[in-house]
Every structure is written in structure tokens, then in C-alpha cells.
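Okay, structure first, notes after.
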2 protein chains.
Amino acid sequence: MTTEPDSKRPAGRPRTAVLSRERILETAFTLADVRGGDFTLAALARELGVRPSALHHYFAGKNELIAGMRGQLTTRVGDHGFDSLSWHEAIVPWARAYRQTFGAHPGIIAALATLPVDDEIESIIDYERIAAAMRRDGYPEHRIVPAIVAIESFVIGSALDSLAPEDNLRPVDNARLAPHLTAAEHAARAYASARARSAVDETFEFGLAALVAGLVAATEIDAAEADATGARA
Amino acid sequence: MTTEPDSKRPAGRPRTAVLSRERILETAFTLADVRGGDFTLAALARELGVRPSALHHYFAGKNELIAGMRGQLTTRVGDHGFDSLSWHEAIVPWARAYRQTFGAHPGIIAALATLPVDDEIESIIDYERIAAAMRRDGYPEHRIVPAIVAIESFVIGSALDSLAPEDNLRPVDNARLAPHLTAAEHAARAYASARARSAVDETFEFGLAALVAGLVAATEIDAAEADATGARA
DNA sequence: ACCTGAACACCGTTCAAGT
DNA sequence: ACCTGAACACCGTTCAAGT
């Protein structure tokens, strides 16, 4: 994988820069793609044919590098028709893309989920787009952020869950220990394969649809509450 | 914090064992409780007044230690009335306890969420209890595991989210950049504080209620589908 | 059996030194 | 400005040596 395996570069500034933020990020993503691959600056430097200390010229440290990756991923998720569709229609492909984009880099997803995001510009823009659509559609003001956070939590949790070897709930020979679970597991597998979908994908789509439907229904409950309060006043 | 700060133990087997799996796990949890505290075997050994290599006598490695912690946490979550209540009533306090139990150890949650769980006995028992209640209540067989996974994903994602400094979506001075988001954020805060709840807790409860409601509603859709299919046959 | 102590192959980060 | 190279304070894990 290494670009130039054994070409030794002398000390001192190279005639033309070997590195760049873009090249580092690009290589970092390929490193994060492999499952067991330890995501270390040392391994990244190796892949780039460079010394680890060279990376600190472009990123203050490992955390800043990961923040840079996160920002790029958020941008990649992109828009999904929030202008032309209702928020609860547009949010489904958005969530799907979110999960797929973050789930595609198993080596980094835990760090991405853990790292403080404080005021990342890409995330703010992303959320603003969704919040604007929800306000336009008359979603209760105080429920907008909770709804977005709920969907994001579900997506992050699902992306983490999809990292499990095959399936978290896989009673291999515990059919005797957990008969109900085993039966349910088989039914779910059969259903997914009948629909020509992977079990994890089918599970994600089902959960996402349920969550969004529940969030929409919560609107109506709140509206009824508001009406009752208004009538009383 | 260290039990015996500078008492040097000579090499060789101590007269009575200094360590035990229980004591190691207990200390490991206190280490995982602190936010920034790096959760390392070295730090754990330091806290126990022992050399790092001594730990390998009780746990094969760091992963096995974390697996042990995970199992203990799962047990702690415990039962929540699945026998006496309907599954969608009992699942709410269960999910609440789940999030609180795992969220109480910020130093370890990412590792807990990431580590493969393959066939952990405590988790199997936990899931079996829920699956049994759902079957009893007539939840569609093929939707049981997806529903459980959806809730678990939401809980894990919420626990991770609650690690963020205060709130992920906190546009400090980006009121101009993200006016809709800022307004929604304020409304959510005001609503939460009016109900004497933290914003994160209010958000979690709202999302959980929506998700469970959506999962229950999905039952009816599936049932209608089944009826239609049955009528056709 | 249960611990120490030394050793090994790693980390991330800092900083002087080279061009 | 941009990289190497050496140094520092760490890791997790293995294993001989002690009692």
C-alpha cells in the first residue's frame, strides 16, 4: 500500500511539499476503512512514507486530525431535499446517508462518536438546514432539537451496532438458553432475506421508520396540548 | 486514591492474594467514572498498588477486562417488570436504566459500545426476557429483534451523546449563521428548565417515547398487512 | 498460585537540526 | 516552511524469577 516503500528522504525541507491536509485526510480514510487496522499516527505516517512528527505540521494532534475527518464526512452526507420535501420525508435518506458514511470507516467511528464536536461549522450548517425545514413545517419549536438529537443518536448507535461481527444477538447454540430470542432471530433473518436485504439494513430501516413516525406523531400530541392550554386561557 | 501509596511489596507470591477479579472490576469502574481519566491498565494497576503485569493473572488482556465490566453493567440494568407489564411499558424504565448505567462511566462507554459482544451470557439473558414479553404480547415475530436492536442503538447513541461537553448543538455566537437552530435550541432549553429537567434528559425521554410509540404503531401496520394477506389467501 | 521486575514492540508529542 | 531524527513519557503484553 505504501507509495514509495524504501525511498529514503534526506533531512531538511523537500523541494516540493510531500504532504498536504488533503493527502493526509485521504490516506487517513483508507486506513480507517479496514476493520482491525489500528488507526494510529504512526501507521498513517508509514502509509504516507513519512515520519510521524511530520504530521504535526498539518494537524496539531490526533484529535484535530479526527475532527478534520469528521468535518469532511459531515459535508459528504450533504443535502437530501429538505427544501422540496417535508422534513420527515427528507430526514430518512439523510439518516441513511449519515449511517452509511460514518459506518464505512469502522476504524474511526468510535473516536468520531466520542470526540467533542464543539461548534464544528459543517455540523452547524447541516443541523441548520434540518431545523429550518422543521420550523417551516410547523414542528413544535421546543421539540426540534430533541428530535434531531434523537435521530442522530439512533444513527450513531446503529453505525456502532453494525460493527459487531455479524449480529450482536446471535445465540449460536443457546437455543435452549434463549428459546424466544432464537425464534425471533430466525424470523427476522428469514424476513430480511425474503426481501433480499441484509438483516442489519432491514433492522435499521425498520427502526428509522418507527422513530420518525413516532416523532411526527409527537407533534400532534403537543399540538393537542397547546390547544387545550389555549382553550383554558 | 491509592490504597497504600508507597508500601513496596517484595517479589514473590504474597501470603494472601492482593487482587481478585471483584476488586479489579470495582477499581476499574471508579477509574472509568472520571471523564478525562485515561482508562489504561497502567493507571488501574497504579490505583491497585500493583504492577500492570499482575492484572494479566485475572484477565487475559484489556479486552477481557472490559468484557467483564460490560457483563457486570448488563446485570446491573436488571429486570424492569417485563412479567407484569406490557413490553412497551417495561421497556421505558429498562432503556432509562440502560442509558444511565452505561452513561455513568464515560471513560469506558466508547470501548463498551465498540467491543464485540459475541455471545455474552448476561446480554443473552437480558434480551431473552424482553423477547419473551414481546412474543407474549403478540408483537410480530420478525420485528422483535429489530425493535430491540433499534432501542439499544438509540440508548447507546444517547449515552455517547450525553458525553458531549454540554450539548452538541450549542451555537455560541453562530446565532447569525444558524438562526433557526439557535431559536429552536433556546426553546428546547426553556421547555426543559420549565419542567425542572436537564436538557439532555428531556431530549432522551422525548426520543425514547417517540421511538417506542413508533415501534408499537408498526405492529398495527404489520398486522393490517398480515390481515390483507390472509384475506387474499 | 500470585506477584515483581525486566524486556519488547509499540504509541503520541516535542523539539532541535537540516535544507 | 517542511521534513528528519532523536528524545521523552507513556502504553499493553510476555515471561523469567522469586516466594
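- Residue A/R13 places its side chain closer to D/dA1 than to any other of C/dT4, D/dA1, D/dC11.
- A perpendicular orientation is assigned to the rings of A/F82 and A/W94, their planes being inclined by more than 60° (bins at 30° and 60°).
- We find that CG of B/L44 is positioned 13 Å from P of C/dC3, with the value rounded to whole Å.
- Summarising the geometry, the separation between CG on B/N63 and P on D/dC11 is reported as 17 Å, rounded to the nearest angstrom.
- Of the candidates D/dT14, D/dC11, D/dT4, D/dT14 carries the atom nearest the B/H56 side chain, counting heavy atoms from C-beta on.
- Checking D/dA1 for Watson-Crick or G-U wobble geometry (two distances, each under 3.5 Å) identifies C/dT19 as its partner.
- Distance B/L19 CG to C/dC3 C1': 8 Å, rounded to the nearest Å.
- The CZ-P distance, from A/F59 to C/dT13, rounds to 13 Å in whole Å.
- Rounded to an integer number of Å, the gap from CG of B/L41 to C1' of D/dT13 is 9 Å.
- Note: CG (A/L65) to C1' (C/dT13) measures 14 Å, nearest angstrom.
- Of the candidates A/I108, A/L73, A/L160, A/F102 forms a side chain to side chain contact (heavy atoms under 4.5 Å, CB included) with just one, namely A/L73.
- In this structure, B/F39 places its CZ atom 13 Å from C1' of D/dG12, rounding to the nearest Å.
- Remark: the backbone N or O of A/F59 is not paired with any side-chain donor or acceptor of A/E64 at under 3.5 angstrom.
- Going from atom CG of B/L55 over to atom C1' of D/dC11 covers 13 Å, rounded to whole Å.
- Regarding contacts with the backbone of C/dC11, a side-chain N or O of A/T40 is found under 4.0 angstrom from either OP1 or OP2.
- Judged by the 6.0 Å and 45° rule, B/R197 forms no cation-pi pair with B/F206.
- Regarding contacts with the backbone of C/dC2, every side-chain N or O of B/R23 stays at 4.0 angstrom or more from both OP1 and OP2.
- At the heavy-atom level, A/A17 lies under 4.0 Å from the strands shown only through sugar-phosphate atoms.
- No N or O donor and acceptor, one from the side chain of B/S53 and one from the base of D/dG12, sit under 3.5 Å apart.
- Between B/H142 and A/Y191, the ring planes lie tilted relative to each other; the angle falls in the 30° to 60° range.
- Close to D/dC3, at under 4.0 Å from its OP1 or OP2, lies no side-chain N or O of A/R9.
- When both distances must be under 3.5 Å, the Watson-Crick or G-U wobble mate of C/dC8 is D/dG12.
- Nearest to the side-chain atoms of A/H57 among the listed nucleotides D/dC11, D/dC2, C/dC11 stands D/dC2.
- Using a 4.0 Å heavy-atom cutoff across all strands shown, B/Y58 reaches sugar-phosphate atoms only and no base atom.
- Using a 4.0 Å heavy-atom criterion, one finds that A/A42 contacts the sugar-phosphate atoms exclusively.
- Under 4.0 Å is where a charged nitrogen must lie from a carboxylate oxygen, and between A/R96 and A/E205 at least one such pair does.
- Nucleotides of DNA chain D nearest to B/D38 and B/P14 differ in position, and the one nearer the 5' end is that of B/D38.
- When the side-chain nitrogen and oxygen atoms of A/R51 are compared with OP1 and OP2 of D/dG5, one or more of them lie within a distance under 4.0 Å.
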